[in-house]
**Student:** 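So that we are looking at the same thing, I have put the structure below in structure tokens.
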Amino acid sequence: MSGEDELVLELSRRGVRYLAVTWVNHTGSTLVKTVSLPHMEGAAARGLGFSPVSDAFTATGGIDPEQSLARPDGDLRLVPDLGQVAILDETLGWAWAPGDRRERTGAAYSADQRSFCRRQLEALAGAGLVMRAGFELEWVVGQETPDGTFRPAVLGSPYGADRLVDGLDYVSAVAEALDRASVAWLQVHPEYGPAQFEVSLPPADPLTAADQVVLAKLVIQRATSKLGLRCSFSPVVELGTVGNGGHMHLSLEQGGVPVLSGGDGPGGLRPAGQAVVAGLLHHLPGLVPLGCALGVSYLRLVPETWSAPFVAWGIENREAALRLVPSAVDGAPATLEYKTADLSANPYLLVGGIAAAIVESIATGRPLPAPVVGDPGQLPQPPDRVPVNVSQAAEALAASELLRDAMGERLHDTLVESRQAEARRVASLTPEQSVASTRWWPFGEDPA
Ligand code: GLU
Ligand code: MG
């Protein structure tokens with residue numbers, strides 16, 4: 001019996017009847033095709049058809065007619081990665097797998113985000129580097145009101161045990177749903193904003209870490225709607241409150257040696273670690289649009305909200321885009337927290353872009369600027385800000401030769417087009433209207 005036959009048997013023993021296969025488009029929306037269990041092996045062999053138009057979707061759904069991928073012709077095959085199958089909902093018989101999009105010839109589709117990620121991780125391994133990554137997911141749980149505003153579904157104060165207890169049914173439902181889907185998680189806690197929570201996922205190989213973000217969001221959404229509530233992963237749910245981030249922690253080894261600790265550099269960085277931090281800062285403007293896809297992503301990136309909108313690094317500094325978390329007394333490896341990302345990110349593009357920047361940075365070996373201490377915004381000469389709106393972000397992405405080379409023209413060009421489309425979408429909206437238009441992200445609007 002083949003491994004795939006065994007998987008089908010095992011899934012059917014667990015009551016699975018359907019498989020949801022997802023991919024994440026340029027705007028960070030998770031899209032899906034589903035297949036019945038008896039056809040899962042066929043899907044893995046031949047893929048499921050879908051038009052390349054999905055990367056021409058706007059952030060709120062619907063096709064952007066100006067996108068070069070907005071064409072009626074052409075087709076791709078979505079191939080589930082059966083090595084990553086997880087149970088999405090046991091009671092209803094659903095499993096999940098991430099998919100790669102291929103040409104009908106079987107070749108990888110040149111604008112496929114997950115394939116891009118895999119290629120960059122192969123290049124990283126080829127350079128003798130081992131990266132581990134883990135994401136933190138922040139979201140709010142609310143009730144929709146007739147006028148579309150946000151009403152917190154749980155009371156209680158920032159990080160408050162009162163909020164945990166007020167929302168204990170909710171938090172338990174989320175934790176249990178994550179456990180049932182075998183999404184490993186380290187911590188869950190009430191965050192700073194109203195009815196805001198956070199779950200942190202443990203370090204994993206970076207492709208798995210990106211897959212787990214996709215799955216965790218689906219599981220949280222499902223657990224929330226089962227209770228008649230709505231969750232939002234929007235970077236900004238209400239103006240004037242802190243936003244929802246999607247930070248990524250990474251650790252890195254070169255030849256088996258951790259490069260972010262054990263050295264003589266600031267914070268214990270070894271020379272390669274210093275090159276990585278310096279290089280990520282250098283490439284940051286081009287990387288930000290990978291982690292921040294929405295117009296409102298840039299309303300989140302404001303000072304004094306710990307969203308870290310400064311092109312700076314610091315040791316345990318939560319206003320710096322790169323926060324070094326030095327090695328702990330237990331010897332756990334140091335991590336670098338990449339904070340200028342939210343959950344509109346396509347995690348495959350973000351991980352792949354960071355991997356490409358790391359390989360280039362170690363090869364180049366730029367000098368490391370001094371870490372910022374205290375609030376960078378209050379320094380006599382504050383560091384540069386990351387792009388302050390999606391239009392600037394689109395320009396930074398277009399100007400990134402690193403990402404153009406790593407992605408290839410088709411992926412890079414169409415991604416720039418996607419950010420430009422979002423810039424056009426929000427150009428005529430006030431900040432309030434912009435926030436309202438994506439308040440329940442990833443829920444979109446019905447296309448006109
Ligand atoms: N909510 C903050 C953000 O927008 C992050 C808070 C924190 O965990 O440091 O990224
Ligand atoms: Mg947090």
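Computed from a predicted structure; not experimentally measured. Atoms within each ligand, like the ligands themselves, are counted from 1 in listed order. Just so you know, these numbers use all the heavy atoms, side chains as well, and skip hydrogens, waters and symmetry mates.
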**Student:** So does Arg118 pair up with Glu122, basic N to acidic O under 4.0 Å?
**Tutor:**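 Looking at Glu122 together with Arg118, the answer is no, because their closest N to O distance does not fall below 4.0 Å.
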**Student:** How would you list, by chain and number, every residue that makes a side-chain hydrogen bond (donor to acceptor under 3.5 Å, both in side chains) with Arg222, sequence neighbours excluded?
**Tutor:** Asp89
**Student:** Under the ring-ring contact (aromatic ring centres under 6.0 Å, His included) test, which residues partner Tyr348, sequence neighbours left out?
**Tutor:**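 By the ring-ring contact (aromatic ring centres under 6.0 Å, His included) rule, Tyr348 matches no residue at all.
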**Student:** When you compare the side chains of Glu417 and His26, does any donor N or O come within less than 3.5 Å of an acceptor on the partner?
**Tutor:**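 Result is no, nothing qualifies.
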**Student:** State whether the number of non-hydrogen atoms from other residues, nucleotides or ligands found under 6.0 Å of Phe50 atom CZ is greater than 12.
**Tutor:**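 Yes - once you tally the heavy atoms of other residues, nucleotides and ligands closer than 6.0 Å, there are more than 12.
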**Student:** Could you pull out the N/O contacts under 3.5 angstrom between ligand 1 and the surrounding protein atoms?
**Tutor:**
{"residue": "ligand 1", "atom": "1 (N)", "partner": "Glu138", "partner atom": "OE1", "Å": "2.7"}
{"residue": "ligand 1", "atom": "1 (N)", "partner": "Gly243", "partner atom": "O", "Å": "3.0"}
{"residue": "ligand 1", "atom": "4 (O)", "partner": "Gly243", "partner atom": "O", "Å": "3.4"}
{"residue": "ligand 1", "atom": "4 (O)", "partner": "Arg300", "partner atom": "NE", "Å": "2.8"}
{"residue": "ligand 1", "atom": "8 (O)", "partner": "Glu138", "partner atom": "OE2", "Å": "3.1"}
{"residue": "ligand 1", "atom": "8 (O)", "partner": "Glu191", "partner atom": "OE2", "Å": "3.1"}
{"residue": "ligand 1", "atom": "9 (O)", "partner": "Lys339", "partner atom": "NZ", "Å": "3.3"}
{"residue": "ligand 1", "atom": "10 (O)", "partner": "His247", "partner atom": "NE2", "Å": "2.7"}
{"residue": "ligand 1", "atom": "10 (O)", "partner": "Arg300", "partner atom": "NE", "Å": "3.3"}
{"residue": "ligand 1", "atom": "10 (O)", "partner": "Arg300", "partner atom": "NH2", "Å": "2.7"}

**Student:** Is there a donor-acceptor pair under 3.5 Å between the side chain of Arg163 and the backbone N or O of Glu191?
**Tutor:**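 Indeed, once roles are kept as given, a pair shorter than 3.5 Å links the two residues.
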**Student:** Any idea how many protein N, O or S atoms are nearer than 2.8 Å to the Mg ion (ligand 2)?
**Tutor:**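 Protein N, O or S neighbours of the Mg ion (ligand 2) under 2.8 Å, waters not counted, come to 3.
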**Student:** Does a salt bridge link Arg270 with Asp264, judged by any charged N lying under 4.0 Å from a carboxylate O?
**Tutor:**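 A salt bridge is absent here (no side-chain N lies under 4.0 Å from a carboxylate O).
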**Student:** Is Arg439 positioned over the aromatic face of Phe150, cation under 6.0 angstrom from the ring centre and no more than 45 degrees off axis?
**Tutor:**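 Cation-pi check for Arg439 and Phe150: fails.
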**Student:** Using a strict cut-off of less than 4.0 Å between a Lys/Arg side-chain nitrogen and an Asp/Glu carboxylate oxygen, indicate whether Arg419 and Glu395 qualify as a salt bridge.
**Tutor:**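 Not counted as a salt bridge, because no side-chain N and carboxylate O are separated by less than 4.0 Å.
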